[in-house]
Undergrad: 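Got a structure for you, questions after.
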Number of protein chains: 2
Amino acid sequence: MNQTEEKILEAAEKVFLKHGYDGSRMQAIADLAGINKAMLHYYFRSKDLLFERIFKEKFSRFFPAIEETFQLEMHFVDKLCIFAEKYIDFLIQNPYLPLFVLNNINKNPDFSKNLPLNMPQLLLQSYLEDVEKGLCKMHQPAQILITVLGICAFPFLAKPMMTLLLGASDEDFFELMQQRKEEAKKQIRILFEV
Amino acid sequence: MNQTEEKILEAAEKVFLKHGYDGSRMQAIADLAGINKAMLHYYFRSKDLLFERIFKEKFSRFFPAIEETFQLEMHFVDKLCIFAEKYIDFLIQNPYLPLFVLNNINKNPDFSKNLPLNMPQLLLQSYLEDVEKGLCKMHQPAQILITVLGICAFPFLAKPMMTLLLGASDEDFFELMQQRKEEAKKQIRILFEV
DNA sequence: CATGAAATTAACCAAATGGTTAAACTACTT
DNA sequence: AAGTAGTTTAACCATTTGGTTAATTTCATG
């Protein structure tokens, strides 16, 4: 890919993730990329299209490589644990992502509706198999989904609030998230293992 | 309070909650309030001040009337359960609030830092009492806070995503949240009760 | 009714912002 | 060297937007 295009995408990602669509300025993206503002339009035509490009990529990453995990030969609860650990690790690298993605699904649900998404089926299927075999407690699948995603993603959505509430620094927070991986697995086992 | 002022505040609340600070237009607020745009400045001077007025009120409500609950004579876990039920009920009435508040803490942490906030102390105190008496499992207080708030608030932060993932309607979602109250209490007991 | 303060409006303003354009520069081909 | 297509830039444009102003309306009070 073109070097300029690459620089633009990097800059756009940073700016959009930090300030959201409405809070982002094309000039700010150009400045960060170290190029003329007209280049943005030359390569991506409009703010909307540039944003769409970034959002689609982020959206797809927010529902993480769950396929691999859920295709393993393994108990449902073990899959959940592996998922949780991987996912929290991923979010430690991408702490802004959840708030960014949720904001934009919220802002433009119709657009998001057309993006590919096969997470729930995989999870549901694995769950049903194990619940039949008596390996897993009965729950409403929707509640499982909410609970597991919440255990992993909520701390990152609430990061600024948590540092506020706890008087914690950024380092403290990331330390807490390292510990959260064990906490998450423990909670998942307690809640769902039979 | 002045009737016009009231109308402005109502309109501003709706617009800001839905579109955020950057996405909101003073003209949109004036239109919704059915008044001239200049009135907004007459009563509130600037967009910043009007927003601040709304945000402060919402911020204070996001950390809900926890004082009353936590001053009851009761086991820690029972307090958590009562809190969860009350809080989810409150969020059912105010589903947009969590995303709004978190966004703006994130955007302007320094401002939020100066707002009053005594939730963690109350919770911590009650927790320590019970853990000493052996009535409650050992946990890191920060993890308890994250977990309990997440159980309650995450579904609302993720509302648009959840309706997307589950193919659910708004009614379906609110039905799910009604059930969430029981689910939350069950989870809290399993996780924290000894 | 007259008066003066408060409330309200239409018109206006300056800055910011997404986007365009025409010229200039670069690099490759013949 | 000349031509050409792609790339980059400075200057510009139209619209939007937060905010102001001066004039008008409302309304309670003497």
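So you know, we letter chains A, B, ... as the sequences are listed, proteins then strands, and number each from 1.
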Undergrad: Counting only side-chain N and O atoms of A:Thr4, is one of them less than 4.0 Å from OP1 or OP2 of D:dT8?
TA: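 Affirmative; the distance criterion is met.
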
Undergrad: Looking at every heavy atom in both A:Ser46 and A:Met26, which two are closest together, and how far apart are they?
TA: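 Of all heavy-atom pairs spanning A:Ser46 and A:Met26, the closest is C-CE, 4.2 Å.
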
Undergrad: Could you check whether A:Phe51 and A:Phe100 have their ring centres less than 6.0 Å apart?
TA: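 Yes, the ring of A:Phe100 comes within the 6.0 Å limit of the ring of A:Phe51, centre to centre.
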
Undergrad: Is it possible for you to say whether B:Leu165 and A:Phe90 belong to one hydrophobic cluster, with membership spreading through side-chain heavy-atom contacts below 4.5 Å?
TA: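 Cluster IDs for B:Leu165 and A:Phe90 match.
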
Undergrad: Find the distance B:Phe44:CZ to C:dA7:P and express it as a whole number of Å.
TA: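 Whole-Å distance recorded here is 12 Å.
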
Undergrad: Taking the basic N atoms (NZ, or NE/NH1/NH2) and the acidic carboxylate oxygens, is any pair closer than 4.0 Å for A:Glu193 and A:Lys137?
TA: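 Salt bridge between A:Glu193 and A:Lys137, a charged N being under 4.0 Å from a carboxylate O: no.
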
Undergrad: Extract from the structure each pairing of a protein N or O with an N or O of nucleotides 22-28 of chain C at less than 3.5 Å, listing the distance.
TA:
none

Undergrad: Give a yes or no on whether a salt bridge exists between B:Arg53 and B:Glu57, defined as a side-chain N under 4.0 angstrom from a carboxylate O.
TA: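 The answer is no: the pair does not qualify as a salt bridge.
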
Undergrad: Under 3.5 Å, is there a donor-acceptor pair between the A:Gln125 and A:Gln121 side chains?
TA: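 Side chains of A:Gln125 and A:Gln121: no pair found under 3.5 Å.
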
Undergrad: Treating primed atoms plus P, OP1 and OP2 as sugar-phosphate and everything else as base, which nucleotides of nucleotides 15-29 of chain D get B, S or - for protein heavy atoms under 4.0 Å?
TA: --SBBBB--------

Undergrad: Please report the distance, rounded to the nearest Å, between NZ in A:Lys7 and C1' in D:dT9.
TA: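 Answer to the nearest Å: 13 Å.
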
Undergrad: Does any part of the side chain of A:Leu149, heavy atoms only, come nearer than 4.5 Å to the side chain of A:Tyr87, both counted from C-beta?
TA: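 Touching, per the 4.5 Å side-chain cut-off.
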
Undergrad: When you measure from the side-chain N and O atoms of B:Tyr43 to the phosphate of C:dT8, is any distance below 4.0 Å, counting only OP1 and OP2?
TA: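 So the side-chain polar atoms of B:Tyr43 do come within 4.0 Å of the phosphate oxygens OP1 or OP2 of C:dT8, strictly under.
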
Undergrad: Looking at side-chain heavy atoms only, is the closest gap between A:Asn104 and A:Asn108 below 4.5 Å?
TA: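 Contact flag for A:Asn104/A:Asn108 side chains = no.
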
Undergrad: To the nearest angstrom, how far is B:Met39 atom CE from C:dA7 atom P?
TA: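 B:Met39 atom CE is separated from C:dA7 atom P by 8 Å.
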
Undergrad: Could you give the CG-to-C1' distance, from A:Leu40 to C:dG18, as a whole number of Å?
TA: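 For the pair A:Leu40 CG and C:dG18 C1', the rounded distance is 10 Å.
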
Undergrad: Over how many whole Å does the gap from B:Tyr42 atom OH to C:dA10 atom C1' extend?
TA: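 That distance rounds to 17 Å.
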
